[in-house]
Amino acid sequence: MDHPAPYPALPPHLLFGTATAAYQIEGGANEGGRGPSIWDTYCRTPGRVARGETGDVACDHYHRYEEDVALLAALGVDLYRFSVAWPRVQPTGAGRPNAEGLDFYDRLVDTVLAAGVEPALTLYHWDLPQALEDAGGWRVRDTAHRFAEYARIVADRLGDRVSRWITLNEPFCTAFVGHAVGRHAPGTREGTPALAAAHHLLLAHGLAVGELRAAGAGEVGITLNPDHLVPATGSAADLAAVERARTLHNRVWLDPLFAGAYPDNEREVWGDLVDDSLRRDGDLAVIGQELDFLGVNYYRPIKLRDAPHTEPDPAARTAVDIGTEQVAYEDVRHTTMGWPVVPETFTEMLVDLDRRYPGLPPVYITENGSAEEDLPDASGRVRDTDRIAYLNDHLTALAAAVEAGVDVRGYFVWSLLDNFEWAYGYERRFGLVRVDYEKLTRHPKDSYHWYRGLIADHRARRAGAGD
Ligand code: GBH
């Protein structure tokens, strides 16, 4: 097949993988004793998800996981990142585990290992048990303790076979897209409660790290989506806007995790929406426990300018109403998500992260990829050359970051399969493998063959170098 030759020169030690998430691929929503999650509820609320789509069937991975693992095996990846659906393991988010749910992940892990691939397990990729939301969800501290219990249950069952553990995926999305933008479940637009959710997510992470260590699980980390924020102009107002956005997007997570403190400008960003009474002595120590790795999801830069607040009354603002406004990137290609393709910002983001946080653990790129049109030709072949170029250029940018001293250990393409792209439904396709949602059949795209070739080439070079 045609691909831009040669493959980029990559660090010899780099591991390759692909990533998925439970609600986006599994389906089987009412099977195996699974309880409802906030995404089931959100999808059923009219007007929330494009075309009223849901994850009820998704890719039917719950029934077809063996076929999907065979695709992973043929791809030749070192690692496979997937998530466990909390409501399969604990249907109401508390109490005795549901054996059928745990059995499913047990079989999945064994199948992945038998294929010669190492599992990387995400405990929370956004599907909170609905019963916990009904009790206050991430706005209340108790949810952090429930999460730690759930983490222990999964680690006790799978800790002997899973080498890499990710507590949370993109807590930014849970706290702020879920509770302030309202474009993710639970879909509210709040101020202080969204900031409370951020704190309780961090606490949940820290408590879970303790449980994972106690259970003897392998390497432990968290996946964030550090954003590369670019001021629209060099004006003082735009630079200050970027600093506020840096706190909202990045520092809220990175400062407590890797610098032992809450962001020092949080009152400038949120004023009295910050509620110190939610934080207890000792929380920062729990949150800031040493990690084995940081997972980083990266897709695109964000350009911003200073702008008036949407809500004039500070007390009535949501947590994302911080006096900034997004500005379009001109003269670059945009993916079907409307995201600008600017690969060199991947290098800049990683180097910036490394320089700002000297205590940063090794990094895994736990997601990177692009949504494209992906129209099959008459024979069913998808010539996704734009995706191949995107991946090629981002891997080149990753290599440049390693060259500049950033300790990147692995890279996961989002995603193995086309899947349920949250509020956008099934129309946005990120997969290396096309999914026909009527027949539920899988069809590797050109990018799948390209990635397979890249991994094989990398292995051959590594072997050739005697590495
Ligand atoms: C990741 O999120 C997710 O981990 C993954 O599940 C997802 O499929 C993948 O990337 C591709 O999107 O305009 O304020 O409503 C990506 C980052 C951040 C993208 C939030 C959507 C909506 C922001 N996401 N964003 S808003």
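Index from 1, following the sequence. Remember, it's 1-based here, ligands and their atoms both numbered in the order they're listed.
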List, one per line, each side-chain donor-acceptor pair under 3.5 Å for residues 326-333, sequence neighbours excluded.
{"residue": "R333", "atom": "NH1", "partner": "E372", "partner atom": "OE1", "Å": "3.0"}
{"residue": "R333", "atom": "NH2", "partner": "E372", "partner atom": "OE2", "Å": "2.8"}

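When heavy-atom distances to ligand 1 are checked against 4.0 Å, the residues falling inside are Q24, H125, W126, N169, E170, C173, V177, V181, R183, N297, Y299, W339, E367, W414, E421, W422, F430, ordered by chain and number.
A side-chain N or O of T233 and one of D238 form a donor-acceptor pair less than 3.5 Å apart.
You'll find the ring centres of W253 and F258 outside the 6.0 Å limit. In this structure, the ring of Y65 has its center less than 6.0 angstrom from the ring center of F104. Taking the six-membered ring for Trp, H249 and F172 have ring centres closer than 6.0 Å.
Ring-plane geometry between Y298 and F346 is classed as parallel, the angle between the planes falling under 30 degrees on a 0 to 90 degree scale with a further cut at 60.
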